[in-house]
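The structure appears below as structure tokens.
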Amino acid sequence: MSRFAVTNTRVFTGTHVADASVVVVEDGTIAEVGHEAPEGVEKIDGAGGTLLPGLIDAHTHTDEDGLRTALSFGVTTELDMMSVPDAMEPVRKKARAEFDVADVRTASWGLAHPDGHPHQLRRGLGDPVWPTATVPGEAAAFVDGRLSEGADYIKIMVEDGDVFGTSLPLVPYDVVVAVVEAAHERGVMALVHALGAAATRVAVEAGADGVTHLHHDEVISDDLVVRMREQGMFVISTLAVTASGASDGAGPRLGADLRVASRLDAEWRDNLGREFGWNAHLPTALRSAGLLHAAGVEILAGTDAAHLGAPGIAHGASLHDELRLLEAAGLSPVEVLTAATRRTADRFGLTDRGRIEPGASADLVLVDGDPTSRLSATLNTRAVWRRGHRLALGGATAERAA
């Protein structure tokens with residue numbers, strides 16, 4: 001039996017700082033949270049730092065390299081929001097059996113118009129023909145097909161291209177409604193890609209469980225906020241990619257932090273140092289995030305981290321900047337940390353993670369400092385465990401470079 005105890009540490013449970021200073025792990029599971037370490041267990045001195053649940057990025061498009069990079073930044077689970085199943089299945093198999101990559105859940109293929117988003121971005125990538133539904137009667141078969149591929153939730157693209165300065169055909173509204181209903185009949189969530197306010201409204205009116213972006217073309221309207229709260233919807237923030245779209249300089253600034261640069265290879269450092277620049281409106285998105293949070297609509301932290309070539313974003317690293325942006329939107333450090341741990345885990349039915357409590361998986365991050373009062377301390381990584389397996393870390397944990 002493998003047993004160890006992290007001692008002399010502040011414990012953030014996923015919702016609050018516990019009256020505890022010791023966390024005991026047995027065979028990959030949290031066994032005790034308290035003030036005493038059992039005799040005979042290996043003791044790891046937390047040196048007055050903070051033990052967090054493993055972070056969860058609620059919106060990525062990932063692969064093995066992305067999951068490995070994410071884990072080095074304390075992101076122990078990524079929620080993939082659309083992927084090619086033949087490519088994703090071996091990645092999921094590795095994540096189930098090995099512990100040097102983050103765990104992953106996926107939507108498999110997303111529902112997209114045959115000539116719509118994101119096909120304009122994927123020309124030349126050698127994709128097979130995407131499954132789709134063009135009339136409501138095809139909705140059930142579309143959902144069943146994704147579940148047969150191992151999808152954990154269903155993704156629907158509602159994107160007219162306006163925010164990118166173009167025009168794209170949309171999935172018909174009645175098809176969106178039918179796919180949402182088919183997903184719910186099968187007990188899975190239906191999520192909608194919505195970069196614009198009109199698409200967010202479609203998601204709300206169709207009864208979706210959440211939107212995978214916070215739109216940035218206008219401040220969210222009061223009636224949408226009310227309806228989203230009444231319907232129990234959530235929003236995945238993706239402010240990091242909005243910042244890149246706004247040429248805000250967030251990615252290059254993050255990449256200049258020694259705590260980040262030391263854990264990324266040259267290609268990812270270069271990727272983080274560039275920007276999308278599609279005229280996104282970051283202040284608008286921040287204002288909407290604050291309004292949603294104040295009204296009680298749950299916000300989940302997600303980045304839209306993808307492959308090399310999606311500029312201004314890097315797996316794992318960008319989630320820490322997402323946290324900074326959520327704080328700028330008006331969330332407290334504790335609320336931000338909850339958005340990247342317990343709240344996301346609960347929303348996606350991952351009841352074994354996102355929390356530090358007996359019986360939970362030992363997905364843990366030990367950092368120097370107190371991120372519940374100074375959020376940037378999340379990057380002061382001292383140790384990362386996935387299911388009790390400690391990751392070998394290299395690189396700097398020093399404060400941000402001047």
Side-chain angles (χ1 to χ4, degrees), residues 1-57 70-77 99 102-103 259 300-301 316 319-320 323-324 326-327 331-347 350-391 393 397 399:
M1 180 171 65
S2 171
R3 302 176 73 204
F4 66 89
V6 183
T7 65
N8 187 24
T9 184
R10 182 182 300 102
V11 178
F12 176 71
T13 67
T15 57
H16 64 280
V17 176
D19 178 16
S21 59
V22 175
V23 173
V24 181
V25 174
E26 295 183 358
D27 290 338
T29 299
I30 297 170
E32 300 177 35
V33 180
H35 290 286
E36 299 292 336
E39 292 294 328
V41 303
E42 177 191 3
K43 296 179 178 62
I44 299 169
D45 185 3
T50 304
L51 194 65
L52 306 166
L55 304 176
I56 303 172
D57 190 332
L71 189 62
S72 71
F73 287 94
V75 176
T76 56
T77 302
F99 305 101
D103 199 8
R259 299 171 297 176
L300 315 184
L319 186 63
H320 295 268
L323 306 186
R324 176 188 66 83
L326 284 171
E327 184 179 27
L331 281 68
S332 72
V334 165
E335 290 166 339
V336 171
L337 291 170
T338 298
T341 56
R342 178 67 179 258
R343 181 177 301 138
T344 296
D346 286 353
R347 277 292 192 164
L350 303 174
T351 56
D352 64 336
R353 67 196 71 187
R355 65 205 75 209
I356 296 179
E357 60 185 34
S361 180
D363 289 358
L364 302 168
V365 186
L366 178 63
V367 301
D368 291 325
D370 179 10
T372 67
S373 61
R374 188 181 182 201
L375 197 53
S376 63
T378 58
L379 275 170
N380 296 335
T381 313
R382 294 188 59 211
V384 175
W385 292 268
R386 182 166 166 245
R387 288 177 56 184
H389 294 260
R390 187 169 182 170
L391 182 69
L393 286 177
T397 58
E399 287 297 317

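- For the pair D27 (side chain) and S2 (backbone), a donor-acceptor distance under 3.5 Å is present.
- Although no hydrogens or angles enter the test, the distance criterion places a donor-acceptor pair under 3.5 Å between the side chain of R382 and the main chain of G46.
- Taken from CD in E327 to OG in S376, the straight-line distance is 8.5 Å, to the nearest 0.5 Å.
- Shortest non-hydrogen contact noted between P53 and F12 is CD-O, 3.2 Å.
- The backbone N or O of G49 sits less than 3.5 Å from a side-chain atom of T9, completing a donor-acceptor pair.
- Annotation: side chain of L393 is in contact with side chain of T381 (closest heavy-atom distance under 4.5 Å).
- Residues V336 and V334 form no side-chain contact, since every pair of their non-hydrogen atoms from C-beta on lies 4.5 Å or further apart.
- No side-chain heavy atom of T50 sits under 4.5 Å from any side-chain heavy atom of T378.
- In R390, the CZ atom is crowded: over 12 heavy atoms of neighbouring residues, nucleotides or ligands sit closer than 6.0 Å.
- Shown here for A362 and V25, the closest heavy-atom pair between the two residues is CB-CG1, 3.6 Å.
- Between L323 and A340, the shortest heavy-atom contact is CD2-CB, 3.8 Å.
- When the options T13, L52, V365, L55 are evaluated for a side-chain contact (heavy atoms from CB on, under 4.5 Å) with T341, the one that passes is L55.
- Side-chain contact between W385 and I44 is present, with at least one heavy-atom pair separated by less than 4.5 Å.
- Rounded to the nearest 0.5 angstrom, R355 CZ and T338 OG1 are separated by 11.5 Å.
- Using a 4.0 Å cut-off between charged nitrogen and carboxylate oxygen, D103 and R387 do not count as a salt-bridge pair.
- Here K43 contributes atom NZ and R3 contributes atom CZ; the two are 9.5 Å apart, rounded to the nearest 0.5 Å.
- A donor-acceptor contact closer than 3.5 angstrom is absent between the side chains of R353 and T76.
- For the atom pair CG (L337) and NE2 (H16), the distance works out to 13.0 Å, reported to the nearest 0.5 Å.
- Across every non-hydrogen atom of A377 and D368, the tightest pair is CB-O, 3.6 Å.
- Atom OG1 in T15 sits 10.5 Å away from atom CD1 in I356 (nearest 0.5 Å).
- Within the 4.5 Å cutoff, the side chain of L391 has no heavy atoms near those of the F99 side chain.
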Cut-off 3.5 Å, no hydrogens considered: what does the side-chain donor-acceptor table look like for residues 29-40, sequence neighbours left out?
| from | atom 1 | to | atom 2 | distance (Å) |
| --- | --- | --- | --- | --- |
| H35 | ND1 | S21 | OG | 3.1 |
| H35 | NE2 | D19 | O | 3.2 |
| H35 | NE2 | D19 | OD1 | 3.1 |

Q: Take T77 and T344 through the side-chain contact (heavy atoms from CB on, under 4.5 Å) test and state the conclusion after the steps.
A: CA-CA 10 Å; T77 302; T344 296; over 6 Å; no
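- The closest side-chain heavy-atom distance from R343 to L300 is below 4.5 Å.
- Counting heavy atoms from C-beta on, the side chains of E335 and L326 never come closer than 4.5 Å.
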